[in-house]
Amino acid sequence: METTKQFQDPTMSSRLTGTCYNIIQEGSGIPGKREANLANNPQALIGFKFNKKLALDNIYTAKPIITSKKNRRIITLNIPEMPKTT
């Protein structure tokens, strides 16, 4: 099965919309004019599953490499390619 097909979940867009709505609710300003700033609720997207029944790390097994400078102002994320399967 193609890896991209494993990500298909008919509820993903509505779940992501709901998560974004929660982020916006944390924003400043009057309703309808609030900013959508992830800094207002950074935990909202951590662990979000694109496929509700299958975790990403079960599909994509390559481990990302995260490095940061001493002051942590620059963080680098390298995502290696998945090995080709036959």
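Just so it is clear, the structure is predicted and the values come from calculations on it, not from any experiment.
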Query raised in the report: side-chain hydrogen bond (donor to acceptor under 3.5 Å, both in side chains) with Thr11: which residues, sequence neighbours excluded?
Result: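 Thr11 satisfies side-chain hydrogen bond (donor to acceptor under 3.5 Å, both in side chains) with Asp9, Arg15 only.
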Can you name the side-chain contact (heavy atoms from CB on, under 4.5 Å) partners of [X], sequence neighbours left out?
X: Leu77; result: Pro64, Ile66, Ile79
X: Thr76; result: Thr67, Ile74, Asn78
X: Asn37; result: Glu35, Ala39, Asn40

Report task. Determine which pairs satisfy salt bridge (Lys or Arg N to Asp or Glu O under 4.0 Å) with at least one residue from residues 39-52, sequence neighbours left out, and list them in order. Result ->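 Non-adjacent pairs meeting salt bridge (Lys or Arg N to Asp or Glu O under 4.0 Å): zero.
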Query raised in the report: What distance do Thr19 atom OG1 and Ile46 atom CD1 have between them, rounded to the nearest 0.5 Å?
Result: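 Reported to 0.5 Å precision, the distance equals 12.0 Å.
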Requested in this report: Nearest 0.5 Å please: distance from the CZ atom of Phe48 over to the SG atom of Cys20.
Outcome: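 Interatomic distance, Phe48 CZ to Cys20 SG, rounded to 0.5 Å: 8.0 Å.
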Query raised in the report: Taking side chain as C-beta onward, heavy atoms only, is Lys63 less than 4.5 Å from Ile65?
Result: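 Sidechains of Ile65 and Lys63: no contact.
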Run the side-chain donor-acceptor check on residues 21-32: report pairs under 3.5 Å with partners two or more places apart or on a different chain.
| residue | atom | partner | partner atom | Å |
| --- | --- | --- | --- | --- |
| Asn22 | ND2 | Gly18 | O | 3.4 |
| Gln25 | OE1 | Arg34 | NH1 | 3.3 |

